[in-house]
Each structure stands twice: as C-alpha cells, then as structure tokens.
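Below is one structure, written out as structure tokens, with a few remarks after it.
Quick caveat, the model's predicted, so the values are computed rather than measured. Residue numbers start from 1 in every chain, and the chains themselves are labelled A, B, ... in the order their sequence lines are given, proteins ahead of strands.
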4 protein chains.
Amino acid sequence: MLGSMTEQQQKGRPATGGAVLRRRVTEAITEAAFAELAEAGYARMSMEAVARRAGVGKAALYRRWPSKQAMITELIRNKVTGTLPHTPATGDLHTDLRELLATFRSQLANPLLARIGAALLAEASHDDALAEGIHTGVTAPRRAAARAILQAAIDRGELPAGLDLDLGTDLLIAPLAFRMMVTQDSSDDDYLETLTNAIEAALKAATR
Amino acid sequence: MLGSMTEQQQKGRPATGGAVLRRRVTEAITEAAFAELAEAGYARMSMEAVARRAGVGKAALYRRWPSKQAMITELIRNKVTGTLPHTPATGDLHTDLRELLATFRSQLANPLLARIGAALLAEASHDDALAEGIHTGVTAPRRAAARAILQAAIDRGELPAGLDLDLGTDLLIAPLAFRMMVTQDSSDDDYLETLTNAIEAALKAATR
Amino acid sequence: MLGSMTEQQQKGRPATGGAVLRRRVTEAITEAAFAELAEAGYARMSMEAVARRAGVGKAALYRRWPSKQAMITELIRNKVTGTLPHTPATGDLHTDLRELLATFRSQLANPLLARIGAALLAEASHDDALAEGIHTGVTAPRRAAARAILQAAIDRGELPAGLDLDLGTDLLIAPLAFRMMVTQDSSDDDYLETLTNAIEAALKAATR
Amino acid sequence: MLGSMTEQQQKGRPATGGAVLRRRVTEAITEAAFAELAEAGYARMSMEAVARRAGVGKAALYRRWPSKQAMITELIRNKVTGTLPHTPATGDLHTDLRELLATFRSQLANPLLARIGAALLAEASHDDALAEGIHTGVTAPRRAAARAILQAAIDRGELPAGLDLDLGTDLLIAPLAFRMMVTQDSSDDDYLETLTNAIEAALKAATR
DNA sequence: TTCTAATCGAGACGGTACGTCCCGTCTTGCC
DNA sequence: GGCAAGACGGGACGTACCGTCTCGATTAGAA
C-alpha cells in the first residue's frame, strides 16, 4: 500500500533459483533506523548512518525502499498499525472508556512514537500516500473503536441518542493524545480516572 | 530570544556607513520563506530556493539568521506570537468558553500553521531552544488564557473548587486543536457550540 | 599463465557430479564479453552487462576468472596469441618483409583489437602481470619473427652485419602498427609495397 | 572545444557582482589529478581521491568539468598541446631530422604522458570529441612539423619529388613513438643517431 | 555633496548526504 | 557440484544543499 516489501513477501519464492531480501538484514536495518530516528529525528537522520549502524551497504536499504521518506514512512506505519486497540465491551460506559483510554495511553507512551509522531504528521501534509496510510492504519481503527463504545452506550441508553458521534470521538481521543504528544506531560492513573469522568459528562452534553 | 535580528534591532546601530539590514530585503525573504515552507514543508525546503524566490543572495539570509532552523523558527514564532488570544471575561463561563474557542479556531485556521505546526513540533523534540520558544511564545499564553477563564469561573462558583486546572485546560484546548491540526476536519459554528456545551459539562465533572 | 581456466582444463577432471565448467557457458560469456568490449570499451564495460548479455549468472564469470581485468586480459591474450605470425623464409629479404607486413596488417585489421589495444596497454602500465602477458603472448613472438628475418638476411649478406637488430625490429613493426592503431588510417597494397621498399632501405642504413 | 573552463575564462568578469572559479583551486585540482592519474591510472583513479588530495570539495571538480572523463581529457590535452614542437629548418635534412626526433624524444619522455597516453587513446575510440581534440592538439601539429621538413628537403632536392609525404611522416614519427610508448624502451643519443640515418635512407626510397 | 563602510546579488567554496551503479562474494533452490 | 538469479558489503559516481567566503556594485548615514 505504502512502502514495498513486507515480511510475507520476503518468503515469496520467485520462478527460478533466486535471491530474496534477507530477513536478518531487514531486521538489522529496521532496528538501526529506529535507533537513528530516536537519536536524531527524521530530518537529521541519514541513510548512511542507518546503513553503517546496521552493518549493511546503502544498497540494501534502497533495495527495500525507494527513498528515505518511504522507508521511515513504512517502518512507522508498521510499528503503529501493529498495535491495534481492542474495543472493550464491558456493558458499562465508564469502564469501557477507562479501558480504552488506558490502551491509548500505553500505546502513546512508546517513547519513539512521541518523538516521531509529529514528524510523520508533518510529512503527511506533503505526501498523500502517507496521509492515507496514517488514516487507514492509525487514525481510522482508533476512531472506530471509540465510536463502537459510544454507539453501544447509546443503544443501552447510557448516552443520549442525539450524541454527535464525531465530536464525541474527538472528546474521547484528543485530550489524552494532545497531552502526551504535544505537551509531553505524564498522565497517571488519577489523571486518567478524572479524565474519564469528565469525558463521560461531556458526552452526555454533546448533543446537537 | 530565539533568532537574532528583529526589526527593532535593524534600527539599532546606525554607526557609520549604510550598514543596516534593509527592511525590504527582510520582507522579501520572509515572504519567500513562508511560500516555500507551505509548498515544500520544513524538511524539503531549501535556503537556496528561498533566496532565489526572494531575488536575494544567500548571504542576505545568513546575515539575518544563523541557520535554516533559526530562520524558520523565528518566522513562525513571530507569526504565531503576533496573534495572542485575548482573554475573554464576560462574567459568564459559557460565553467566555465560546469566545476563546472561536479565537483559537481562527488562529488555527491559518493554513500555513496547519502545514507547519507538525514540522515545528517534530523539530522541537530535538531542539530544546525551539521547544522552549514554542512553549513561551505559543503554548504558555494560550494555556494561561484558558486557566484565567477557568479560575474566574471557579471564583464565581460556576465551576467546582476542586477542578483540576491542568486537565481542564487540556479539555478546553485539545479537541479543537486536535481536530484542526491532526484530523484536518472543519469546525463550523454548530460544532463549536456543541463543543462548548460538552466542555462545560466536562469541566463540572473534572474534579479530582 | 595469466587467467585461470582454459578449455583444456575444462575437460580435465570429470570427478563426481556435473562439476565441470560447461563449455557452452564459457563460449556465451566470451562472445558477450567481446561484444560489450567493442561497444563500451574496457573502462565502461561491466561484468553485469556481460553476464546479462550472455544469459548467465555473474557467478559463472567469477568461477572462470578472478576479476574483470583477468577475464578481459585472458580473452584478448587468447585472441591475439591465437594468430601467431609465421616467419616467412623465402630467401629473399624483400619478399620476406612484404609477407610479414601483410601478416601484421591482417592481424591488426581486427576491428576489436584496434578498439581494445590501447585500453590494454593503458592497463598494462599499472599491472605487471598484464604487461608480462602482453609481452610474452603478443610482442615477443612478433619481434622474434622480425628478428629471424633480419638475421637470415644478414647471414645471406643482404643486410650489413652491423645492423642494430633492435632498431631494425622497431623500423619493421612501428610504422604499420602506429598507422593502424593510432592514426586509424588504412593501408592498401600500394602503401605496403612502398613501405617495404622504404624499410629495406632503412635497414641497410641502420648500422651503429 | 573539449572541456569547459580555461584559465583565460577564469578572469572573465560576469555582468554583476559575481563568483568566478578560483585559479588556486583549479591549480590544486589539476596537480592532484595528475598525481592520482600517475599513481592509479585512468580507470582506477577516483574523483573523490582527487578532491581529497587537492583539499577541495567534490563539487569544485564538477563545477569545472561535467565528468571524470571530461576532466582527464581536458587536463591531458592541455598538457600535451602546451608543448608544441618547433620546426627545425637548418637547410640540412639530416640535422633537421635529428633535431625533430630529439624534440619528440624529450616530449615523449614525460613519464606522465607515457602512463597516460594509452588510456587517452583508448578513451578516444569511444569519444569523438576526445579523438578530435587529440588530433587537432597533438597529432596534427606534429605531423605538420614533419611534413614541413620533408617538403623543404624535396624542394632542396635532398629527397625525391615522388616521396609519399604521408608514409614519410609515419616513418619519421612511428619508430620513436612506438619504442617509447609501447615498448617503454630507452633511446639514447646513439639510438637517435642511427635512427636518423635509417630514416633518411628510408625516405629516399619511399617513392610510390 | 562627498566619503565610506556595510549590505547587496551572485555564486564558488569545503562538506555531507542523497540515490544509483558496479565490483567481487554469498545465498538459494534447481538440475 | 555447476547453474541462473540476484542480494550482499563496499565504494565511487554525479547532484543538491548547508553555511561560509569572495567579488564588484549599490546605497545610505556621517562629514
């Protein structure tokens, strides 16, 4: 969809004889790339440094991805997409919210993500494929999880039928995401509990 | 504070010769820089392109700022800092909230900011001076405005004394900021009104 | 001597498995190599292009020769060595000279040789093995043939006993070789006849 | 004609302000290039090594020449063209020949030329501009000098009117050039004297 | 008004990284 | 074991920018 080689493809057996991208090399590159990314940031990171750190030729990188941007893009997308939130369904709105927020918190806590997230978004505004990738792989499933909880609560009568689902989703996701990615503040269990309460109240008032 | 030469300084030392940075040049550079920034993004933008577009020698840029980063940093900081939110104080929480949110909306609507914001945040995580600049020039005054409104409402008894001001500020700012910067969704007056209601409800529940 | 595997060796050890370099492959490589050499020249020619053109894996090349240089070296050496000049001995100096020059002309007329010769010499000045190979396989036998004719003529009294054999050989070989390899001019039968006369006269005067 | 910047051009003053290729840099590059060329040969020499040795950025090279080939090509052409042979005219064929041969010998003795000459010729067969450059700058003037001597001798009656000037020129130049460039043999004064005698005799017989 | 020194446009400079191509080696699965 | 295919580490290619420096020409405050 975005990048090029995924691990499955690396096993694909070509017609005759053949040469296949080696998983060990891919792994070494991936690891090195994340390390460089975390140390230097997207803009300052260099493919040559990644290759050097991975003990690999530059060509090995370019055999896998057509450019620095494509590489970083795909690596991050994979990393984030990998950890999809499961949708809690305890039958109790408060508990569901708490659980979902806790899941988000743990995913956002990934220190790499914090450092990289902004760079990704920045790139996305100049790269439609990346924007689409982020939407499909990251944003959409999380918003879907949030919507599911809200809809279930509406169906149970815990939330008003007139709730604006879109706004409700914003309310649910934004404060925590903003706090962790922009403000870089911590969010302990107390914070989460209070936030859950506040969001719950907000949702009940968010009718159009 | 961050960069180097501000327009005031340009008048600073008349000394002997005609040795003052010329305002017209500074303006041409500024304009060109924003144009390039919007077209290419921070990472892809080049000082040479800015100079070319401004019809100016590269040295003219480096006479004003010590580096690409410093230049962009200062330009943006000026642009954003220029539009400080005024703190509404109508004596009515709902009206104050609405007004503040409307101010934020108009500031965030700047299309440049939307494209640049993320890149700035990305850089900030590897550049403490930039981070500090953003905090002082952008984040802090806006959070202060939000806090002021909340504190006034508490003082009036409209909000509970136990309100967590920090969380309250997050609730106030995050949903709109997130929607406009990350989701890039629109936010019409209806959205804003519903949001105001929801936040108001949330604030009343956000006690620790 | 220079390279590695010669066709004789290819029959040498049938051993166990199908573990003998296959002649067809060797031939395909050889043909492709000459073609690439003629098209691109030594410096611009690539082993990968040769392999591709021969429909062969790169390893097939490196199983036969240790390096690009060794391969080209041996191929050319074989091609040129293959066509040793026979030493004419008609008992008449003029006829012997004419015949030898005609032989040289036909060998130098090989269009490949013309294109490759210079590149080979260029390499030779930085590669003693190649220089030695060219000397032994190409230069020496031709100079020997020339010397034999001259010595026979001296013995018959057709040339003065004081003839400087080394210089005589230069006189015999150089003008034709120079004309065909450097100047790239043609040399028809008339030219050859006049040249023979001139060289004959020169030889009679070339005593020290 | 071949390359790009000559020293004269380096002084040319462009319209406004301006930046001009600096002679010192050009000289450093030239010197380094010859050194590398002599050490490694054309094929093995690298632009990066030249830049490093000259204490210069790679871009400084590519600002002057569009490619490695173009650089070497022009440098050599300049070096060889610089040393044109003067045409001796003593009124005596033997003396004229001796003198011209001595001039050639001293020019061919340039050890760099010996190492580079073959590489140049090799390149020339794949680069018409280079071939033309060599012809115009190197070959033609030398052949012209030879022809002038021969023609004068014909006019004086020292050589037969029917002399084939083309062949005569070959006879004059080839043996020495071949000996020094291909055979890499030495040629002392005795050799030169004997060669002169032989060529003189040959010339008298070289009529068609 | 004249002098004069810093700014100006242009672009060369030493560097670093880009993405490409080729070298000679190694790996994979087929024959 | 040879074979076709092609990935591997390495290194050079030629390009694009970075931030600095050099060049005359311009310009505006001080005399």
Original post:
Can you name the residues that form a salt bridge (charged side-chain N to carboxylate O under 4.0 Å, His left out) with D:Glu39, not counting sequence neighbours?
Top reply: D:Arg53
**OP:** For A:Ala118, check side chain to side chain contact (heavy atoms under 4.5 Å, CB included) against everything at least two apart and list the hits.
**Re:** B:Leu121, B:Ala122
Original post:
Taking the side chain of D:Tyr62 as its heavy atoms from C-beta onward, which of E:dG24, F:dG14, F:dT22 lies nearest to it?
Top reply: F:dG14
**OP:** Could you tell me which non-hydrogen atom of C:Ala60 sits nearest to which non-hydrogen atom of C:Val56, and how far apart they are?
**Re:** CB-CG1, 3.5 Å
**OP:** Check the distance between F:dG19's C1' and B:Met71's CE and give it to me in whole angstrom.
**Re:** 13 Å
**OP:** Nearest whole angstrom, please: distance from the C1' of E:dC13 to the CD1 of D:Ile29.
**Re:** 10 Å
**OP:** Could you check B:Met45 against D:Lys68 and say which one's nearest nucleotide on DNA chain F is further toward the 5' end?
**Re:** D:Lys68
Original post:
Which whole-number value in Å describes the distance from A:Arg23 CZ to F:dA7 P?
Top reply: 16 Å
Original post:
Can you tell me how far C1' of F:dC18 sits from OH of B:Tyr42, to the nearest Å?
Top reply: 11 Å
**OP:** Let me know the distance between CH2 of B:Trp65 and P of F:dG19, rounded to the nearest Å.
**Re:** 13 Å
**OP:** Return the value, rounded to whole Å, for the distance between atom CZ of B:Arg44 and atom P of E:dA17.
**Re:** 19 Å
Original post:
Under the salt bridge (charged side-chain N to carboxylate O under 4.0 Å, His left out) test, which residues partner C:Arg52, sequence neighbours left out?
Top reply: none
Original post:
For F:dC8, does either OP1 or OP2 sit under 4.0 Å from a side-chain N or O belonging to A:Arg22?
Top reply: no
Original post:
When you measure from every atom of DNA chain F, which of residues 30-40 of chain C have a heavy atom less than 4.0 Å away?
Top reply: none
**OP:** For A:Ser125, enumerate each residue passing the side chain to side chain contact (heavy atoms under 4.5 Å, CB included) test, keeping only those at least two apart in sequence or located in another chain.
**Re:** none
Original post:
Looking at CD of D:Glu74 and CD1 of D:Ile76, how far apart are the two atoms once the value is rounded to the nearest 0.5 Å?
Top reply: 11.5 Å
Original post:
In Å and rounded to the nearest 0.5 Å, what is the OG1 to NZ distance from C:Thr73 to C:Lys68?
Top reply: 11.0 Å
Original post:
Sequence neighbours excluded, which residues qualify as salt bridge (charged side-chain N to carboxylate O under 4.0 Å, His left out) partners of D:Lys58?
Top reply: D:Glu48
**OP:** Measure from the side-chain heavy atoms of C:Arg64 and tell me the nearest of E:dG9, E:dG19, F:dC3.
**Re:** F:dC3
Subject >> Which residues share a side chain to side chain contact (heavy atoms under 4.5 Å, CB included) with A:Ala124, sequence neighbours left out >> reply: A:Leu130, A:Ala131, A:Ile134
**OP:** Using a cut-off of strictly less than 4.0 Å between a heavy atom of the residue and any atom of DNA chain F, enumerate the qualifying residues of residues 46-59 of chain B by number.
**Re:** B:Ser46, B:Met47, B:Glu48, B:Lys58, B:Ala59
Subject >> Length of the line joining D:Arg24:CZ and F:dT22:P, which is rounded to integer Å >> reply: 13 Å
Original post:
C:Leu61 CG to F:dG6 P: how many Å, rounded?
Top reply: 16 Å
